[in-house]
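Only one structure is covered here, and it is reproduced in the block below.
Everything quoted here is computed from the prediction, not taken from an experiment.
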Amino acid sequence: MPSASSFQTLRLILGDQLNINHSWFSSRDLGTLYVITELTSEATYTTHHVQKLCAFFLAMQNFATDLKAAGHEVLYLNLNKTHSFSGLSDLLAHVASQYSVRQIQYQRPDEYRLLKQLRALEVPKATIEECDTEHFIVPFLE
């Protein structure tokens with residue numbers, strides 16, 4: 001669990017956004033909490049091969065470990081810790097409240113279904129910001 005009781009910013013990292021070269025990680029900020037989470041809703045919205053899910057979850061766990069080793073504050077939540085949440089929006093609202101977050105940032109998902117969900121996100125007392133994933137040759141809008 002993260003050591004601070006409150007954070008200025010929560011940054012969501014999705015399972016297909018495990019890019020250690022993203023500008024988010026260029027410097028350490030103890031006021032920023034990185035959240036990486038396994039969710040039943042993401043694992044079951046369509047049929048996935050069990051090996052694919054296991055590979056994604058392991059990659060996410062390893063990425064969280066690497067970020068922690070680099071001195072970042074990371075909250076990794078596995079399926080056992082997220083099973084009671086109805087979905088990503090519910091979970092983010094809970095974590096934001098728990099850590100007194102004032103800003104939530106997320107990297108633009110490649111998947112339209114998830115992009116729509118995150119763009120509709122509303123969390124009391126927090127602003128929401130969409131950021132570039134930086135995994136394309138040019139920014140998305142170009």
Just by modelled atom types, is the [Y] backbone N or O under 3.5 Å from a matching donor or acceptor in the [X] side chain?
X      : Y     : result
Asp66  : Ala69 : no
His72  : Val74 : no
Ser97  : Ala93 : no
His135 : Leu18 : no
Glu38  : Leu79 : yes

Min side-chain heavy-atom separation [X]-[Y] under 4.5 Å:
X      : Y      : answer
Gln105 : Thr9   : yes
Leu10  : Leu92  : yes
Val123 : Ile128 : yes
Tyr99  : Leu75  : yes
Phe25  : Leu67  : yes
Asn21  : Glu134 : no

Treat each ILVMFWY residue as a node, draw an edge where side-chain heavy atoms are under 4.5 Å apart, and state whether [X] and [Y] are in one component.
X      : Y      : value
Tyr76  : Phe56  : no
Leu58  : Phe63  : no
Leu121 : Leu33  : yes
Leu88  : Tyr112 : no
Leu77  : Phe85  : yes

If you measure only the distance, is there a donor-acceptor pair under 3.5 Å linking the side chains of Glu73 and Tyr34?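 There is no such pair between these side chains.
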Once you round to the nearest 0.5 Å, how far does [atom1] of [X] lie from [atom2] of [Y]?
X      : Y      : atom1 : atom2 : result
Gln107 : Leu118 : CD    : CG    : 11.0 Å
Arg11  : Thr32  : CZ    : OG1   : 5.0 Å
Leu114 : Arg108 : CG    : CZ    : 10.5 Å
Phe7   : Arg102 : CZ    : CZ    : 13.0 Å

Could you report the tightest heavy-atom contact between Thr133 and Gln17, atom names first, then the distance?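 Nearest pair, atom of Thr133 first, then Gln17: CG2-NE2, 3.6 Å.
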Heavy atoms from other residues, nucleotides or ligands near CZ of Arg119 exceed 12 (cutoff 6.0 Å):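 Buried by this count: over 12 neighbours within 6.0 Å.
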Show, in sequence, the C-alpha distance, side-chain angles and deciding distance for Thr37 and Val95, and conclude whether the side-chain contact (heavy atoms from CB on, under 4.5 Å) test is met. CA-CA 11 Å; Thr37 181; Val95 173; over 6 Å; no
